[in-house]
Amino acid sequence: MVASLAGARRIVVKIGSALLVDSATGEVRGDWLRGLAADLADLRARGADVIVVSSGSIALGRSVLGLAPPLSLEQSQAAAAVGQIRLAEAYGAALGPLGLTTAQVLLTLDDSEDRRRYLNMRATFETLLALGAIPVVNENDTVATDEIRFGDNDRLAAQVAAMAGAEACVLLSDVDGLYTANPNLDPNARHLPEVSDITPEIAAMAGEGVSGLSKGGMITKLMAARTATEAGCALAITLGGDRPLSALAAGARATWFLPKDDPQTARKRWIGSMKPRGTVAVDEGAARALAQGKSLLPAGVTFVGGRFGRGEPVTIEGPDGRAMGQGLIRYTAEEARLIKGLRSGDIAAALGYPGRAALIHRDDMVI
Ligand code: GLU
């Protein structure tokens with residue numbers, strides 16, 4: 001498993017408000033951001049996909065609007081609406097001169113909990129990354145009220161890493177990792193460079209250290225680490241100093257939480273663990289193609305059973321009537337019945353709108 005930046009092909013980097021925004025002036029810390037941008041450009045240059053999860057909209061908007069803390073929920077949402085523009089501009093200005101394209105992605109918790117939106121989101125990230133853009137993600141604070149929030153960007157970053165199949169997720173922070181006790185209070189506190197299991201003892205080591213502008217303390221970072229590692233992604237907590245990713249690659253102090261599987265294996269395990277909502281039976285040719293790791297096309301489907309929505313798990317049945325796998329289907333049961341047996345060119349006419357080529361994509365399938 002990857003426990004360094006060097007081996008990771010896809011990397012999520014989370015930037016907290018306290019790093020991006022100068023607490024005294026309420027302005028973007030331009031020098032720091034340019035240093036980070038140079039690090040991101042280096043990662044891109046060696047072929048890695050990079051996704052940034054950045055906080056700072058509320059902190060930036062608050063100073064523009066002249067709002068003094070504590071902010072009401074409505075004020076935070078208004079501040080986020082103002083500050084998010086500044087935030088996106090700041091990334092655009094830092095990345096643009098290095099030849100990198102910035103993409104803004106705003107998410108709410110619903111987007112990852114609703115299967116259909118989750119698959120759409122995955123597809124959009126894949127497309128952006130394939131086009132060489134750097135998605136800069138934040139929670140859509142203007143519409144997210146408390147009960148529908150990720151709440152903090154540590155966990156948002158981990159969710160994004162899981163969704164995008166990243167191998168590494170780096171939380172840039174004002175601490176250089178996890179200690180056996182609070183290092184500010186306990187002189188005997190020991191730094192932990194690697195954690196392979198988030199045991200109750202490890203959880204107990206995380207105090208509730210919350211720094212001025214940011215939401216996430218060590219506890220939310222541990223929750224993020226759990227989400228990421230369960231999805232096969234290593235997660236690092238390290239200091240957000242100058243050129244923080246070069247520093248990390250050069251061995252700067254950090255805590256790495258290690259996954260047990262790689263992202264593909266973890267995702268297949270996740271898909272395999274779901275309760276199927278329906279069945280699609282496939283013919284001889286499709287069964288052979290699936291066994292070779294291909295996607296399932298409507299042409300190979302002979303029967304569709306059950307009621308399911310887009311993105312839900314279904315059993316794949318071979319021509320002998322036996323279950324041969326499971327996958328997340330990209331059409332509803334009604335749509336799947338309409339297009340079963342059809343060649344790709346005939347799908348649009350049967351549905352009345354253009355659909356996706358694969359009924360179940362090979363990445364969404366375990367055979
Ligand atoms: N989404 C919030 C912002 O951009 C920050 C949440 C967090 O820092 O965890 O201001």
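Keep in mind the model is a prediction, meaning the values are calculated, not measured. Read the numbers this way: they start at 1 and go in the same order the structure lists the ligands and their atoms. By convention here, the first residue in the shown sequence is residue 1.
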**Check: Asp154 N/O within less than 3.5 Å of ligand 1 N/O** = no
**Item:** Those atoms of ligand 1 less than 4.0 Å from some heavy atom in Asp141
**Value:** 1 (N), 2 (C), 3 (C), 4 (O)
**Message:** Just to check, does Gly56 reach to within less than 4.0 Å of ligand 1 when the distance is taken from its heavy atoms?
**Reply:** yes
**Prompt:** What residue among Asn153, Asp154, Asp152 forms side chain to side chain donor-acceptor pair (under 3.5 Å) with Ser55?
**Reply:** Asn153
**Message:** At under 4.0 Å between heavy atoms, is it the side chain or the backbone of Asp152 that contacts ligand 1, or both, or neither?
**Reply:** both
**Prompt:** Is the closest side-chain heavy-atom distance between Glu312 and Leu328 below 4.5 Å?
**Reply:** no
**Message:** Tell me whether Asp364 is salt-bridged to Arg267, with the criterion being a basic N under 4.0 Å from an acidic carboxylate O.
**Reply:** yes
**Message:** Can you confirm, on distance only, whether ligand 1 has an N/O atom lying under 3.5 Å from any N/O atom belonging to Asn138?
**Reply:** yes
**Item:** Side-chain donor/acceptor of Arg34 to backbone N/O of Ala38, under 3.5 Å
**Value:** no
**Prompt:** So, Asn138 and Gln84: side-chain donor and acceptor under 3.5 Å apart, yes or no?
**Reply:** yes
**Message:** Using a plain distance cutoff, I'd like to know if Ile58 has any nitrogen or oxygen under 3.5 Å from a nitrogen or oxygen of ligand 1.
**Reply:** yes
**Message:** Check this for me - ligand 1, Ser54, N or O atoms closer than 3.5 angstrom, yes or no?
**Reply:** no
**Prompt:** Is any side-chain N of the basic residue among Glu167 and Arg10 closer than 4.0 Å to the acidic one's carboxylate O?
**Reply:** no
